[in-house]
Amino acid sequence: MFYSSVIIAFIMVLILSAVGTALLDIVFRFLGKRGYLGNLYPNVRGGTPRGIGLVPFLILSFFMLPGCNLLILIIGIFAFIDDVIGRRKCEPLGIEWGQLSRGIGIILVIIVGILEGYWISAVFIALMVQPLNISDMQPGSTCLVTLIMSVVTIIFMLIFGSPYVSELPAVYTPLLIFFVCLGYSPLDFAGKIMLGEVGNHTFGVALGLAFYMVGGLWSVIVLGIITTALIAFIRRNNLSVFFRNKLRIPNPTFGDYFMDVLTGGGLGDLCRRWLFKDKQYVVRNPLLIALGFRRLLYNPYASRSNTYVSRNKIPRLNKGG
């Protein structure tokens, strides 16, 4: 009776996620085409609702285990503020309001996580926001990563033992994440909707919590590294173009891709700005290049004269025939 009720709950979650996603897509499109949504309806592929990750966020906030749902609630609220505000500058601090909101959310997740008993693991759980945020740069990539890592987490739990958490087996959490993502994902894979920060941040912290249930700190770190490598592999083609055209780093390695997923994005580059000021450290050691140190030390705020390749040396397509 107990397990049959859990199965029924998962079926309800799947239906709720699918139906909720479809309905919110309709509402956002209706409002967005009339100019009422601002940053939540960017001009991507002719207009694409952003922030549909509200549906996974609300479902996971309600169905996650006690103590876990509070962390989901915190990161989701501040991430959605990021979605709404967008890239508006916070002039006194020299950063974007969205980055500030996201940063506050991450810090609060760490603090509340420590108070909830996760201790140092709370830091790594909160930092799962970073790779999942980077993965959400192309349709379906975050959903694919979330679905795969939910299954991987279940496999780890079966191998190392699945303890009970609040009278439920630990596999409840990755299964819940899987079914919520499965219901949401069809429209995302089709490029019809966008998770937004609220969606990818929610899945990031949720996966971090599932990783913790495998074996504590070590499992959060190990599965976090596997997640980062998976995202780097899935996005390798897009990242290759990004490295050559935007960062002007020739012949990027998998280590560069991995490091971009781990430390790239707005917050990562902001940290480089604070640390490196106007300096650019050029890495030429083959081992360090293979490990991704070119991306780790790449400072987008440095003088362009210090970058790896000058613009006139970037290979371009010959359109002249």
Side-chain angles (χ1 to χ4, degrees), residues 13-60 76 79-80 82-87 98 102 128-151 177-207 227-246 257 260-261 264-266:
V13 162
L14 177 64
I15 295 172
L16 186 62
S17 180
V19 173
T21 298
L23 290 177
L24 192 60
D25 174 36
I26 293 171
V27 172
F28 271 32
R29 284 186 184 278
F30 178 83
L31 296 175
K33 289 178 180 178
R34 288 157 180 78
Y36 296 128
L37 287 185
N39 291 311
L40 294 179
Y41 194 74
N43 187 23
V44 177
R45 295 182 290 276
T48 304
R50 176 177 179 160
I52 305 299
L54 270 172
V55 174
F57 159 61
L58 292 173
I59 295 174
L60 288 173
F80 188 62
D82 186 357
D83 283 324
V84 173
I85 295 176
R87 309 201 67 173
R102 187 190 317 167
M128 283 301 300
V129 163
Q130 166 66 22
L132 269 293
N133 183 41
I134 296 296
S135 75
D136 195 26
M137 298 290 184
Q138 61 194 64
S141 57
T142 297
C143 291
L144 180 60
V145 169
T146 301
L147 292 171
I148 291 174
M149 290 311 302
S150 296
V151 174
I177 297 169
F178 179 87
F179 282 106
V180 171
C181 185
L182 187 64
Y184 164 86
S185 62
L187 290 175
D188 196 282
F189 277 114
K192 301 293 186 182
I193 57 176
M194 299 169 67
L195 273 168
E197 311 293 5
V198 62
N200 61 60
H201 286 32
T202 293
F203 280 134
V205 172
L207 283 175
T227 304
T228 303
L230 176 62
I231 294 169
F233 177 78
I234 290 174
R235 299 205 63 240
R236 64 193 184 282
N237 292 332
N238 299 71
L239 288 174
S240 177
V241 175
F242 170 72
F243 270 68
R244 290 188 176 94
N245 295 342
K246 298 296 184 180
Y257 304 151
D260 185 80
V261 174

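Not one N or O on the side chain of D82 forms a donor-acceptor pair closer than 3.5 Å with the backbone of E197. Checking side-chain atoms of Y184 against main-chain N and O of I52 turns up no donor-acceptor pair under 3.5 Å. Between the side chain of N39 and the backbone N or O of I85 there is at least one donor-acceptor pair closer than 3.5 Å. In this structure a side-chain-to-backbone donor-acceptor pair under 3.5 Å is present from N200 to G196. Of the possible polar contacts, one joining the T48 side chain to the V44 backbone as a donor-acceptor pair under 3.5 Å is found. Judged purely by atom type and a 3.5 angstrom limit, T146 has no side-chain atom pairing as donor or acceptor with the backbone of F203.
Of all heavy-atom pairs between S150 and I177, the closest is OG-CG2, 3.5 Å. When all heavy atoms of Y41 and K33 are compared, the pair lying nearest together is OH-CG, 3.5 Å. In terms of heavy-atom proximity, T228 sits nearest to P131 at OG1-CB, 4.0 Å. Scanning both residues, P49 and R29, for their nearest heavy atoms gives CG-CG, 3.5 Å. Closest of all the heavy-atom pairs between L132 and I231 is N-CD1, 4.1 Å. Pairing each heavy atom of L144 with each of F189, the nearest pair is N-CZ, 3.9 Å.
Salt bridge status for K192 with D25: absent, with no side-chain N to carboxylate O gap under 4.0 Å.
Using a 4.5 Å heavy-atom threshold, the side chains of L23 and V19 count as touching.
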Steps toward side chain to side chain donor-acceptor pair (under 3.5 Å) verdict (S135, S141) = CA-CA 6 Å; S135 75; S141 57; 4.8 Å; no
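Just one of I59, L54, L60 meets the side-chain contact (heavy atoms from CB on, under 4.5 Å) condition when paired with T202; it is L60. Each of N133, I234, L239 was scored for a side-chain contact (heavy atoms from CB on, under 4.5 Å) with V261, with one residue passing: L239.
With a 6.0 Å cutoff to the six-membered ring centre and a 45° limit on the axis angle, R34 does not count as a cation-pi contact of Y36.
Side-chain contact annotation: R244 with S240, donor-acceptor N/O pair under 3.5 Å present.
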